[in-house]
Amino acid sequence: MNKCKDITIKIGIIICMLFPILMIYATPISFVCVADVFIIGVIPFLFFLMCKDGFDLTPVRQFIIQYGFMILINYFLVFSLSQINDLFGVTGSMGRYLLYFGGMFLLSDLDDKYIKSAGRVLRCVAVASTVYLFIQILILEGFGWYLPGTIPFLKTVNPQSFADQIFFMLTPGSNGRPMSFFQEPSHYGFYIVIALYYELIYEKGKHFLLAIFLSVGVLFSVSSTGIILTVFLWVKYVINGLPAGRARRKNVKLVFALFICAVMLAVPILNTNRMQILLRRVGRSDVYTGRFDGFGVFAEKYSLVTMLFGHGMDEGYYTFMPGIPMTYYYFGLIGLILLFLFCFVLYLKVDNKSKDMLLLFLIANIGSNMFFGHFLIPCWLFLRSKKRVEKISGY
């Protein structure tokens with residue numbers, strides 16, 4: 001039984017680490033993607049095997065239960081107190097979201113050996129996708145061709161979106177950005193950020209050169225969110241590595257010397273076409289307005305019921321919304337406050353490495369949608385409560 005459980009958990013981990021890529025591909029059922037099929041297939045087995053040993057309701061799992069109940073209560077409140085325009089769509093979105101919560105519940109607070117298994121899968125996918133990104137860039141810049149990162153015989157969930165992006169990339173002077181195996185450059189960027197979290201924070205920089213290689217990949221992807229979060233992780237890695245006293249001062253000097261070297265190396269890199277695209281994006285106001293237009297939802301004049309409880313998981317919004325305004329749109333002011341309250345309590349109860357992942361996740365939701373997107377499950381797998389870590393370590 002233990003061997004069967006071990007294999008099932010590892011299969012679940014592989015699915016989690018491939019989740020952002022698997023979500024790209026469609027199935028014959030229009031509202032179900034390949035990632036959904038895999039998660040539906042593994043959850044019953046995990047649930048059965050874990051019931052045999054009993055569930056330990058750690059703070060991470062308590063958060064998932066509390067937030068899941070909040071979503072259900074919100075659904076019935078919105079259904080009772082206001083009109084839902086698309087009941088089938090709202091119910092389907094909520095059902096899928098709760099399904100992901102089931103996967104998060106079963107694959108949270110895992111033993112260290114499973115976290116390391118997840119890290120190995122993450123590392124392999126990150127390296128492969130970064131190498132492929134460089135190949136895409138070389139072919140695009142050298143020959144004007146785009147090498148797709150999707151599997152040819154599988155249908156994508158949104159083929160028109162891929163076609164539009166490829167057309168844009170092949171248009172002269174369009175500043176196209178290859179996506180590697182992902183749906184868009186920002187998804188590649190954030191996936192590599194998760195890999196960098198594992199390498200720099202969880203593994204404490206054991207594979208330092210690999211971390212530098214992945215960071216260069218994020219830079220060349222021209223993902224603004226990915227670059228900001230990469231800088232955050234490197235700063236956190238340096239801070240975590242600074243000892244106290246005289247040794248700290250030596251390390252500060254070393255960091256300063258490395259910074260000077262980085263600046264010197266950045267000069268030739270900034271002269272490449274990729275960096276010219278990045279600099280042009282930084283200078284364009286529509287990059288920022290497009291990213292933060294969704295915060296305008298807080299200024300909308302809704303009824304008191306809608307303002308407090310939201311619209312339910314109705315996807316009838318008119319613009320791109322990062323995770324924070326989307327939480328308000330879906331669950332209202334009460335839902336947003338409860339989410340931050342749950343996150344604050346969870347932050348106090350997880351270990352230091354998990355605190356960094358939680359911070360990374362929350363920062364990402366200022367400019368991207370990670371609460372409801374492709375990266376919810378892979379991020380949550382790395383959260384572990386203090387008591388769980390102490391129990392495993394034998395303290």
Side-chain angles (χ1 to χ4, degrees), residues 13 16-24 104 115 118-134 137 149 177-241 262 274 278 281-282 287 291 322-324 343 350 352-383:
I13 285 169
C16 285
M17 293 299 101
L18 293 174
F19 208 75
I21 297 174
L22 295 175
M23 283 190 78
I24 294 172
M104 288 160 56
I115 302 292
R120 285 192 290 270
V121 177
L122 185 63
R123 184 183 295 145
C124 289
V125 176
V127 170
S129 58
T130 300
V131 169
Y132 196 75
L133 181 84
F134 288 144
I137 291 171
R177 299 184 297 149
M179 305 167 286
S180 189
F181 305 131
F182 297 84
Q183 187 171 339
E184 56 181 78
S186 64
H187 289 185
Y188 162 81
F190 193 70
Y191 193 90
I192 302 304
V193 163
I194 300 174
L196 282 170
Y197 160 81
Y198 180 75
E199 299 298 346
L200 293 176
I201 307 300
Y202 197 89
E203 289 285 281
K204 299 180 179 179
K206 288 180 182 177
H207 300 93
F208 191 78
L209 292 178
L210 174 62
I212 292 173
F213 172 73
L214 295 178
S215 300
V216 172
V218 175
L219 195 63
F220 274 73
S221 74
V222 199
S223 166
S224 51
T225 302
I227 291 169
I228 291 167
L229 294 175
T230 297
V231 171
F232 167 81
L233 284 173
W234 276 102
V235 170
K236 197 72 178 67
Y237 168 73
V238 170
I239 292 171
N240 290 350
R274 287 287 99 194
L278 173 61
R281 277 176 55 80
V282 169
V287 170
R291 183 66 61 179
I324 291 172
C343 285
V350 294
N352 290 332
K353 293 177 182 177
S354 300
K355 281 181 168 64
D356 290 336
M357 172 53 84
L358 195 56
L359 275 176
L360 192 72
F361 187 71
L362 291 172
I363 293 169
N365 278 282
I366 296 173
S368 300
N369 180 12
M370 301 303 165
F371 283 144
F372 306 97
H374 296 53
F375 295 94
L376 185 66
I377 294 181
C379 285
W380 229 253
L381 190 141
F382 289 99
L383 296 184

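Note that the coordinates shown come from a computational prediction; the quantities given were computed from them, not determined experimentally. Side-chain atoms are counted along with the backbone in the values below, which use heavy atoms only and exclude waters and symmetry mates.
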**Asked** To the nearest 0.5 Å, what is the distance between OG (S180) and NE2 (H187)?
**Response** 13.0 Å

**Item:** For Y188, all residues meeting ring pair (Phe, Tyr, Trp, His ring centres under 6.0 Å), sequence neighbours excluded
**Value:** none

**Message:** Tell me the closest heavy-atom pair linking I192 and S129, and the distance in Å.
**Reply:** CD1-OG, 3.9 Å

**Request:** Please state whether the rings of Y237 and W234 are parallel, tilted or perpendicular, taking 30° and 60° as the class boundaries.
**Result:** perpendicular

**Partner of Y198 under side-chain contact (heavy atoms from CB on, under 4.5 Å), chosen from R120, R123, H207** = R123

**Asked** What are the two closest heavy atoms between L133 and G217, and how far apart are they?
**Response** CD2-O, 3.6 Å

**Item:** S215 OG to L200 CG distance, which is reported to the nearest 0.5 Å
**Value:** 6.5 Å

**Request:** Report yes if some heavy atom in the side chain of Y191 is under 4.5 Å from a heavy atom in the side chain of L214; otherwise report no.
**Result:** no

Show me the donor-acceptor pairs, under 3.5 Å and distance only, between side chains in residues 354-365 and residues at least two apart or in other chains.
unit_1 : atom_1 : unit_2 : atom_2 : d
S354   : OG     : D351   : OD1    : 2.4
S354   : OG     : F382   : O      : 3.4
S354   : OG     : R384   : N      : 2.8
S354   : OG     : R384   : O      : 3.3
K355   : NZ     : Y347   : O      : 3.0
K355   : NZ     : V350   : O      : 2.8
D356   : OD1    : K236   : NZ     : 3.3
N365   : OD1    : M370   : N      : 2.9
N365   : OD1    : F371   : N      : 2.8
N365   : ND2    : F361   : O      : 2.7

**Request:** Supply the atom-to-atom distance E199 CD to L122 CG, rounded to the nearest 0.5 angstrom.
**Result:** 7.5 Å

**Asked** What distance separates Y132 OH from I137 CD1, expressed to the nearest 0.5 Å?
**Response** 12.5 Å

**Request:** Looking only at non-hydrogen atoms, find the nearest pair between V193 and L233 and report the distance.
**Result:** O-CD1, 3.3 Å

**Item:** Spacing of I227 atom CD1 and S186 atom OG [to the nearest 0.5 Å]
**Value:** 12.0 Å

